[in-house]
Structure formats: structure tokens, C-alpha cells
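Remarks on the structure that follows.
Atoms considered below: every heavy atom in the structure, side chains included; atoms not considered: hydrogens, waters and symmetry mates. Residue numbers begin at 1 in each chain, while the letters A, B, ... track the order of the sequences.
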There are 2 protein chains.
Amino acid sequence: MTEPSEPDEPALDRIRALPSWLLNRAAGRGRRLLGEAFAHEGLRMPHHAVLAAVADIGPVAQAALGRETGFDPKDMVGILNDLQRALLVTRTPDPHDRRKNVIALTAEGRSCLERLALLGDEANRALLAALTPAEREQFVALLARVAEEREEGPVV
Amino acid sequence: MTEPSEPDEPALDRIRALPSWLLNRAAGRGRRLLGEAFAHEGLRMPHHAVLAAVADIGPVAQAALGRETGFDPKDMVGILNDLQRALLVTRTPDPHDRRKNVIALTAEGRSCLERLALLGDEANRALLAALTPAEREQFVALLARVAEEREEGPVV
DNA sequence: AAAAAACGTTGGACACCCCAATGAAGATGA
DNA sequence: TCATCTTCATTGGGGTGTCCAACGTTTTTT
């Protein structure tokens with residue numbers, strides 16, 4: 001029985017059992033693990049995502065990158081500043097559209113991305129270390145559905 | 001096969017499938033849902049937790065409250081300022097130990113806590129709406145184990 | 001040519017998390 | 001008793017991730 005209300009149970013324990021609370025905890029743990037893993041490279045999670053997006057969709061404008069990754073344009077500026085300073089991407093004006101910057105991956109960027117992928121995988125392995133492989137698979141599948149920001153279709 | 005490295009797969013899609021990424025997304029969604037649910041009361045998640053802790057361990061000092069909930073003393077001050085201003089708790093000097101404040105729940109605090117519990121449950125129901133009841137139970141069980149910050153016993 | 005949209009940038013805000021230092025007060029032990 | 005150590009509440013600061021509003025410039029649309 002996992003009834004939502006059990007008045008006898010301590011209130012704080014109930015909160016600590018809520019998915020929202022657990023998700024916050026687990027996400028924090030993941031952020032910490034990834035932060036430590038990426039510390040060598042001086043990068044963080046958003047850098048990894050943007051670098052990967054640049055690798056995927058080739059030389060591309062910042063706005064398209066933002067649409068792809070879901071990052072705010074404001075934040076994209078900072079992320080790309082960091083990546084550019086680390087010589088992992090180049091940012092050059094687009095001759096065909098003078099509003100745009102063309103973001104392209106450098107050779108260093110590609111190799112760094114490979115390192116980040118390995119480090120990220122390792123951190124995620126540590127994150128799910130408490131689960132068996134089968135449980136991990138199941139957990140990720142369920143988590144993916146929870147993470148999906150799907151509109152509650154009003155069933156037209 | 002959920003091998004950690006599949007070079008052909010787009011890099012960003014791989015990142016988006018990482019537990020750390022999904023946890024961040026799902027936690028953000030939960031925070032947003034809870035934030036909207038608690039907006040009426042003018043409170044947020046930490047307020048809920050602290051209010052619940054006060055209800056659980058009766059009139060109690062701030063430090064004990066911090067140990068119970070895991071919140072930083074600095075943040076506890078702000079949270080209690082809010083709760084006190086909303087007349088949900090009282091904060092009075094402890095006669096037996098003039099260092100301490102005695103935090104006690106008011107009648108309004110108790111009824112507000114009940115409302116928050118209902119709102120929290122509802123938000124969490126929306127958060128896990130994509131899952132069947134059986135999946136929900138399984139997900140929460142797995143998530144709880146992932147959220148646990150257990151030391152990797154070095155097997156002494 | 002005028003209006004609308006997209007682009008990169010800047011400034012600001014919010015939620016949650018964590019650490020360091022301080023003055024006041026209690027606990028400890030020589 | 002007196003000095004030391006600890007606890008308490010508070011203040012000040014930092015860091016990550018997310019999001020919104022506005023601006024000047026440039027391209028597209030009408």
C-alpha cells in the first residue's frame with residue numbers, strides 16, 4: 001500500500017519518500033559526480049552537451065545550438081565563451097548571415113569530447129552503482145519517461 | 001545492449017540518455033510542479049520539509065532542525081524567517097539555553113502543513129503520471145537506492 | 001519601404017547547495 | 001575558578017543550473 005496519506009507516519013519521512021525529493025537528491029548526487037569527473041578538463045555538464053551538439057550538427061549557429069540542446073541563449077554565450085577560450089570550438093562570423101556565429105569543433109574539441117564521454121560514462125556508472133545491470137536498464141527507461149515534459153493531452 | 005560507448009550514435013543523444021542528464025531534467029520538472037503547487041501558500045520545497053520536521057520533533061532548536069533536514073544553518077535562518085513571518089512557526093529564545101531558539105508549530109502551521117502534504121502528493125502524482133501504479137512503485141524504489149549517498153565500502 | 005522576425009549579447013532573477021567566520025552562551029577540565 | 005572548547009544563530013559569500021526581458025543589428029516578410 002502506497003497510499004498518499006498515512007497520518008501516523010512522520011511528516012518528514014513522507015517527504016523524503018516523495019519522488020520529487022528523491023529526484024532532487026539523486027540529481028544532486030549526479031551533478032556532484034559529473035562535476036568531479038569533469039573538473040580536470042575545467043568543464044561542466046553544459047559544456048559537454050554543447051560540445052556534443054557541435055560535434056553532431058557540424059558547424060552551426062548559436063541559436064540552432066540552443067534549440068538543439070535546450071539551453072537559454074544567455075547561457076549559451078557563456079558556455080561557448082568557455083569552450084572557445086579552451087580552444088575546443090571556433091566562433092567565427094557567418095559570411096552568409098552577419099547575425100550568426102558559426103560554431104565549429106576543433107581537433108582538440110573532438111578529442112576532449114571523447115574524454116568527456118568516457119568520464120561521463122564512468123560517473124554515471126558510479127551514480128547507478130547501487131543497482132544491478134538489469135535494474136539500471138529498467139530505472140533509466142522509467143526515468144526517461146518521467147523526465148519527458150509531455151503535455152497532458154486533454155484527449156480531444 | 002546498453003554499452004556505454006556506441007561511436008555511431010549522435011553524441012548529444014547519448015548524453016540525453018545518461019542517468020545524470022535525465023535526473024536533472026526530471027528533478028527540474030518536479031521542482032517546477034512543486035513550485036507551482038506551493039505558490040498559493042507562498043512557500044517552496046525547503047519550507048515544506050522544515051515545517052514537517054518541526055511537526056515531527058516538536059518544539060526544537062534550529063540546529064537540531066538543521067541536522068534533521070540536512071539544510072545548511074545559513075539557509076535554515078532564511079527558511080524560518082519566512083515561516084515565522086507567515087505565522088506558521090514561533091521562534092522564541094530558549095530559557096534553558098540562551099543560545100537556542102525554540103521553534104514550535106502554530107495551529108496555522110499545522111493546517112498549512114496538511115495542505116502542503118496534499119499539494120505535494122498531487123504534484124508528485126502529476127510528476128509520475130506517465131507511469132502505471134506498478135511502475136511508479138518500482139521507480140521510486142530504485143530511485144531511493146540511487147539517491148542514497150552511500151560510501152563505496154572499501155571492503156576492509 | 002515598412003514591419004516583423006531572428007540573431008547574439010547583456011543584465012537580472014530564482015532555486016537549491018555548500019563553506020567560512022563571528023559573537024554569544026554553555027560545557028569541559030585543569 | 002578560570003581558560004578552553006564546543007555549540008548556537010547569524011551574516012557574508014560562492015557556485016551550479018534554469019529562466020526571462022530588453023537591446024542593437026541584420027535578415028526576412030509583407
Counting the atoms with a prime plus P, OP1 and OP2 as sugar-phosphate, which does D72(B) contact under 4.0 Å by heavy atoms, base, sugar-phosphate, or nothing?
base

Strictly below 4.0 Å: does N101(A) bring a side-chain N or O up to OP1 or OP2 of dT9(C)?
yes

Can R31(A) and E36(A) be counted as an ion pair, charged N to O under 4.0 angstrom?
no

Side chain to side chain donor-acceptor pair (under 3.5 Å), paired with Q62(A), selected from K100(A), R91(A), R99(A)
R91(A)

Parallel, tilted or perpendicular: rings of F139(B) and F139(A) (30°, 60°)
parallel

Quick one: is R99(B) getting a side-chain N or O under 4.0 Å of the dA9(D) phosphate, OP1 or OP2?
no

Does a side-chain N or O of R98(A) approach OP1 or OP2 of dA6(C) to a distance below 4.0 Å, or not?
no

According to a strict under-4.0 Å criterion, is Q62(B) in side-chain N/O contact with OP1 or OP2 of dT7(D)?
no

Short side-chain N/O contact from R44(A) to OP1 or OP2 of dT16(D), under 4.0 Å
yes

State which of dG8(C), dT27(D), dT18(D) makes the closest approach to the side chain of M45(A).
dT18(D)

It should be established whether R91(A) places a side-chain nitrogen or oxygen under 4.0 Å from OP1 or OP2 of nucleotide dT9(C).
yes

Base, sugar-phosphate alone, or nothing: which one does N24(A) contact when heavy atoms must sit under 4.0 Å apart?
nothing

Of the options dC17(C), dT18(D), dT16(D), whose atoms approach the side-chain atoms of D75(A) most closely?
dT18(D)

Salt bridge check, K74(B) against D72(B): does any charged N sit closer than 4.0 Å to a carboxylate O?
no

